[in-house]
Amino acid sequence: MTKQDILQAYNDYIMPTYTRTPLIFVKGKGMKMVDIDGKQYLDFFPGWGVSSLGHCHPKVVSAVRDQIDKLIHLPNNYLSAQQAKLAKELIYWSFDGKVFFANSGAEANEGAVKLARAFGKGRYEIISFDNSFHGRTLAALTMTGQQKYQEGFKPLPEGFKTVPFNDLGAVINAVNDKTVAVIIELVQGEGGINVADKDFVLGLRKLCDEKKMLLIVDEVQTGIGRTAKMFAYQHYGITPDIMTLAKALGGGLPIGAMVAKRAIADTLTAGKHASTFGGSPLVCKAALGVFRAIQKEKLLANGQKMGEYLKEKLQALAKKYSVIKEVRGLGLMIGVELTISGKAIYEECLKNGLMINCTHEKVLRLMPALDLTKKQIDKALGILDKALETVIG
Ligand SMILES: *Cc1c(COP(=O)(O)O)cnc(C)c1O
C-alpha cells in the first residue's frame, strides 16, 4: 500500500473515533520510532503508557517468541503455567490477594464495579472524581468525571457519583447507606497529571475502612513502574482493596488485570464474571518479560533518577518561558501545565522529531520509557525548547 492508499483506506473504512495525526509508522525500537518515509522520532509518549519499556523491548520480544509457537490462546476453564506465574508475580509486587485477567483498562474497571456490587449485597453506589478517566465502556464512562466523554450516550448506568479531587469533605458528604466503593487514580492521567495529596489519600483509606467501603485504585496508567514505584499507591503507604491494571502490563500486548485483597477476592464465584481472551499464555508470557526487565535492568531506580533530572530540566524551561505554569508528576509521569493551548507546541515538536502528548488542552504530558537516559532527555528538551520559542515567538 502506498501512503496515499493507507490514508484513503482510513478515510473510507475506519471509524473516525480518533483525532489522528496522519503519520504512518513502520518500526519502533526502544524510544526510537521510524515512519514510512524513514524519518526518525524520539518517542516521549510511547503507546500512551503501554510501551513503557520502549518499543519492542528485547525481553518482551524473546518471551513472546518463546511462547508463540507453543500455545497462543487457552480458554479460562483450563490452566496455564504462564497465567499462574503472572498472578504470583503480581501478588508478589502488590498485596496479598487474587487476580482476574482481562484485556483492557476499561474491562478491568468494569470487573472492579461488578466485584464491588457483588460485595455490597445491596450497596451499589460508587464514588469517583472530577477529571478522572476510567475508560470508554458504559460503567467506566459513567465513573469518568469529564462531561465531554459522556455527551450523547445517555442514559448512563445508575449508581455512580462524581466529586472534586483531593477534597475529602466532598467524599464524606457524598457517602450514604448505598455507597460501596470509591475509585481513584492517584495521579490522574488524561485529566492533566493531577497528583493526589497524601493526607487526602490517607483520609480516604480511613473513611473506606470505617464505612466498610472498598477503595479501588485505578493503576491502569500509573501501574508497572510508571511513577518509579511498581504501583503508585506505594508512594502513599496505603493498600487498596482492589487495583486495576492494563496499559504497560503486557509490554505492548493487550492485557488487563484486576487484583483484589484476599478477603474479598472470592466474591466473584464461578459463572459471575468472565473474559474469553483474558490472560492467555501469550500475553501472560509477555507480561512476565516486562517484570523481568524491570527487575534485571533496575528500571524503577532509573525511572526515579531520570524523572528527577527531567523535572529539573523542565523547571529550568519554566524559568525561561512564562507560558509554563507548573511542572508536576511522579517518577516518569510528568505534566507541564501551560497558560496557553498545547496543540501548536505538540505539532512543532512532532515536526522536529519529538513525540509527546497534550491532554486537557493545556497540559503537555511526558511519559518516556523507564530505561530513559540523560542523553535522550537532553535531546528531547532541546526540541521542546525550540518548539516553545517558535510557537511563542
Ligand atoms: C487508559 C486508561 C483506562 C482505559 O484503558 P483502556 O485499555 O483504554 O480501556 C482506564 N483508566 C485509566 C487511568 C487509563 O489511563
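Bear in mind the structure is a predicted one, so any value in this text is a computation, not a measurement. Counting convention: from 1, in listed order, for ligands and their atoms alike.
For atom 5 (O) of ligand 1, the nearest protein heavy atom lies under 4.0 Å away.
For ligand 1, the atoms sitting less than 4.0 Å from at least one non-hydrogen atom of Gly135 are 4 (C), 10 (C), numbered in the order shown with element in parentheses. The atoms of ligand 1 that sit less than 4.0 Å from any heavy atom of Asn109 are 10 (C), 11 (N). Applying the 4.0 Å criterion to heavy atoms of Ser104 picks out, from ligand 1, the atoms 7 (O), 9 (O).
Summary of contacts: the protein heavy atom closest to atom 9 (O) of ligand 1 is Ala106 N, 2.8 Å. The shortest contact between atom 11 (N) of ligand 1 and any protein heavy atom is with Asp218 OD2, 2.8 Å. Scanning the protein heavy atoms around atom 7 (O) of ligand 1, the nearest turns out to be Gly105 N, 2.8 Å. The protein heavy atom nearest to atom 2 (C) of ligand 1 is Lys247 NZ, 2.6 Å.
Under 4.0 Å from ligand 1, not a single heavy atom of Thr222 appears. Proximity of Phe133 to ligand 1, defined as any heavy-atom pair under 4.0 Å, is shared by backbone and side chain alike. Counting heavy atoms under 4.0 Å from ligand 1, residue His134 touches it through the backbone alone.
Distances between N or O atoms of Val220 and those of ligand 1 include no value under 3.5 Å. Checking only distances, Glu107 never comes within under 3.5 Å of ligand 1, N or O to N or O. For ligand 1, the polar-atom distance check against Ala246 finds no nitrogen or oxygen pair separated by under 3.5 Å. Taking only nitrogen or oxygen atoms, main chain and side chain alike, Glu185 does not reach within less than 3.5 Å of ligand 1.
Shown here for Leu249 and Gly256, the closest heavy-atom pair between the two residues is CD2-C, 4.4 Å.
A centroid separation of 6.0 Å or more is found between the aromatic rings of Phe291 and Tyr92. Taking the six-membered ring for Trp and the full ring otherwise, the centers of Phe129 and Phe200 sit less than 6.0 Å from each other.
Taking a cutoff of 4.0 Å between a charged side-chain nitrogen and a carboxylate oxygen, Glu210 and Lys206 qualify as a salt bridge. The existence of a salt bridge linking Asp378 and Lys374 is excluded, since no basic side-chain nitrogen approaches an acidic carboxylate oxygen closer than 4.0 Å. Ion pairing between a basic and an acidic side chain is recognised when a charged N comes within 4.0 Å of a carboxylate O; Lys351 and Glu348 show such pairing.
Atom NZ of Lys261 has more than 12 heavy atoms from other residues, nucleotides or ligands within 6.0 Å. More than 12 heavy atoms of other residues, nucleotides or ligands shown are found within 6.0 angstrom of CD on Gln150. Taking a 6.0 Å sphere around OH of Tyr10, one finds it holds 12 or fewer heavy atoms contributed by other residues, nucleotides or ligands.
Residues His360 and Gln188 have side chains that never bring a donor and an acceptor to within less than 3.5 angstrom of each other.
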